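Heads up: numbering here begins at 1 and tracks the sequence. In this text the structure is predicted, and so the values were computed from the model without any measurement.
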Amino acid sequence: MYQHNPPLSPKETMPTMYDLPSELVGESGLPDEFHCIQADLLSETCQPVNYLSEEILLASDLNLYYDPLHPGWYKRPDWYMVLGVANANQQENLRLSYVVWQEGIAPFLVVELLSPGTEQEDLGQTLREVNKPLTKWEVYQNILRIPYYVVYDRYENNFRGFKLNGARYEPINLSENRFWLAEIEMGLGLWQGSYQNTEGLWLRGYNADGWLPTLTEKAENERQRADEAEAKVAILAQRLRELGIEPDSL
């Protein structure tokens with residue numbers, strides 16, 4: 001029979017984030033304290049220069065639904081960045097999950113924080129079981145074609161990056177435990193320091209000028225600039241008084 005209307009798009013026919021579970025009771029691999037702190041630092045220091053903040057989704061342990069043929073299958077990356085998507089500016093619009101066939105854009109970068117229980121799958125060293133979902137590596141490399149994939153093992157301070165080249169991920173040559181993402185004019189690297197009152201070796205963003213500041217560092221920089229400006233005003237006022245001029249009369 002002749003079809004007068006074109007078929008509906010997946011956005012109109014497939015399950016949405018409201019139809020799909022955002023969490024499962026008893027699910028293994030939920031974030032520990034390190035995962036939460038490290039994800040916060042990545043989000044605070046991720047500042048691509050060619051995108052507005054409202055065009056960037058930074059997500060931690062947010063279900064990533066990737067296969068319209070198996071709409072119930074998902075991965076839960078420790079942290080990921082999507083570029084060119086509208087960010088919610090109202091609480092009621094915050095995402096329950098990230099559904100690729102609805103959003104239309106795959107992540108640009110995924111970070112997995114290795115643990116003994118997830119290391120083999122995170123590094124593509126496990127085989128898919130019959131009639132089971134694909135492994136993380138297969139989904140990121142073969143299905144979503146995510147340009148950059150980063151893994152960090154805090155137990156051995158081992159930081160590895162992979163870039164999609166053709167059909168496969170290839171290891172990135174790291175210099176001083178850093179690598180540069182030219183498309184967004186920033187990079188990721190290992191930084192030794194204290195964040196959220198916790199000393200350690202952390203994965204964080206940097207640009208051509210150095211490490212990108214956290215919210216606390218930004219506030220401290222602003223306070224320091226204000227103090228310096230106030231000191232300059234005080235010095236100028238004192239010089240005027242020495243010349244017999246009262247600053248308040250000007």
Side-chain angles (χ1 to χ4, degrees), residues 8-25 27 29-68 70-113 133 136 139-140 143-150 152 181 183-188 195-196 202-207 212-219 222:
L8 297 175
S9 71
K11 284 188 176 183
E12 299 171 282
T13 60
M14 295 295 296
T16 71
M17 67 180 178
Y18 300 105
D19 305 310
L20 298 165
S22 59
E23 58 184 349
L24 296 176
V25 176
E27 182 177 22
L30 293 178
D32 56 24
E33 195 171 16
F34 165 73
H35 281 65
C36 294
I37 296 174
Q38 176 61 90
D40 286 347
L41 180 57
L42 281 169
S43 293
E44 285 190 30
T45 61
C46 181
Q47 300 165 28
V49 299
N50 42 358
Y51 286 88
L52 301 174
S53 60
E54 56 265 31
E55 300 174 320
I56 305 168
L57 172 67
L58 304 176
S60 173
D61 288 290
L62 184 71
N63 283 3
L64 175 62
Y65 286 91
Y66 58 89
D67 189 350
H70 300 90
W73 288 2
Y74 67 91
K75 297 300 177 189
R76 190 193 285 261
D78 290 322
W79 185 89
Y80 59 101
M81 169 171 56
V82 188
L83 301 173
V85 294
N87 228 333
N89 54 17
Q90 295 291 327
Q91 188 183 68
E92 61 267 24
N93 296 328
L94 290 171
R95 289 175 174 85
L96 303 175
S97 300
Y98 190 83
V99 183
V100 172
W101 57 82
Q102 292 286 323
E103 305 277 1
I105 301 175
F108 174 77
L109 166 69
V110 165
V111 174
E112 294 288 1
L113 306 171
K136 289 180 184 177
V139 170
Y140 301 161
I143 304 299
L144 294 178
R145 311 280 297 154
I146 296 171
Y148 292 97
Y149 178 40
V150 167
Y152 174 43
L181 299 111
E183 298 94 328
I184 56 174
E185 297 183 37
M186 63 163 284
L188 290 180
Y195 176 70
Q196 292 188 12
W202 304 98
L203 191 59
R204 73 180 287 176
Y206 69 95
N207 63 14
L212 287 161
T214 65
L215 296 176
T216 300
E217 291 166 347
K218 286 178 182 178
E222 287 297 322

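Scanning both residues, Leu188 and Leu181, for their nearest heavy atoms gives N-CD1, 4.2 Å. Here the closest non-hydrogen pair linking Arg204 and Pro213 is NH2-CA, 3.8 Å. Between Tyr66 and Pro68, the closest heavy-atom pair is O-CD, 3.7 Å. When all heavy atoms of Leu109 and Ile146 are compared, the pair lying nearest together is N-CG2, 4.0 Å. Heavy atoms only, all atoms of each residue included: Pro77 and Glu112 are closest at CA-OE2, 3.4 Å.
Pro133 is not listed as a side-chain neighbour of His70, based on a closest heavy-atom distance of 4.5 Å or more. A heavy-atom distance below 4.5 Å is not found between the side chains of Ile37 and Asp40. Within the 4.5 Å cutoff, no side-chain heavy atoms of Gln38 are placed close to those of Asp78. Leu58 has its side chain out of reach of Leu42: every pair of non-hydrogen atoms, C-beta onward, lies at least 4.5 Å apart. By the 4.5 Å heavy-atom criterion applied to side chains, Pro15 and Tyr65 are not counted as neighbours. Inter-residue side-chain proximity for Asn63 and Leu20 is flagged as unmet; no heavy-atom pair is nearer than 4.5 Å. Annotation: side chain of Pro107 is not in contact with side chain of Tyr140 (no heavy-atom distance under 4.5 Å). In this structure, Trp73 and Val139 have side chains that are not in contact, with every pair of non-hydrogen atoms separated by 4.5 Å or more.
Note that SG of Cys36 and CG of Asp61 are 7.0 Å apart. Values are rounded to the nearest 0.5 Å. A distance of 13.5 Å separates CG in Leu144 from NZ in Lys136, rounded to the nearest 0.5 Å. Within the model, atoms OG1 of Thr16 and OH of Tyr18 stand 7.0 Å from one another, a figure rounded to the nearest 0.5 Å.
Judged as a side chain to side chain donor-acceptor pair (under 3.5 Å), the pairs with a partner in residues 42-56 (not counting sequence neighbours) are, in order, Ser43-Trp79, Glu44-Tyr195. Among residues at least two apart or in separate chains, side chain to side chain donor-acceptor pair (under 3.5 Å) pairs with a member in residues 91-100 are Arg95-Glu103.
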Output, in order, the C-alpha distance, side-chain angles, deciding distance and verdict of side-chain contact (heavy atoms from CB on, under 4.5 Å) for Leu41 and Thr214. CA-CA 7 Å; Leu41 180 57; Thr214 65; 3.6 Å; yes

Stepwise side-chain contact (heavy atoms from CB on, under 4.5 Å) check, Ile56 with Val82: CA-CA 6 Å; Ile56 305 168; Val82 188; over 6 Å; no

For Tyr148 and Glu183: C-alpha separation, side-chain torsions, deciding distance, then whether side-chain contact (heavy atoms from CB on, under 4.5 Å) applies. CA-CA 11 Å; Tyr148 292 97; Glu183 298 94 328; 3.0 Å; yes

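Counting only distance, with no hydrogens or angles, the side chain of Asn207 and the backbone of Met186 share no donor-acceptor pair below 3.5 Å.
Judged as a ring-ring contact (aromatic ring centres under 6.0 Å, His included), and not counting sequence neighbours, Tyr80 has no contacts.
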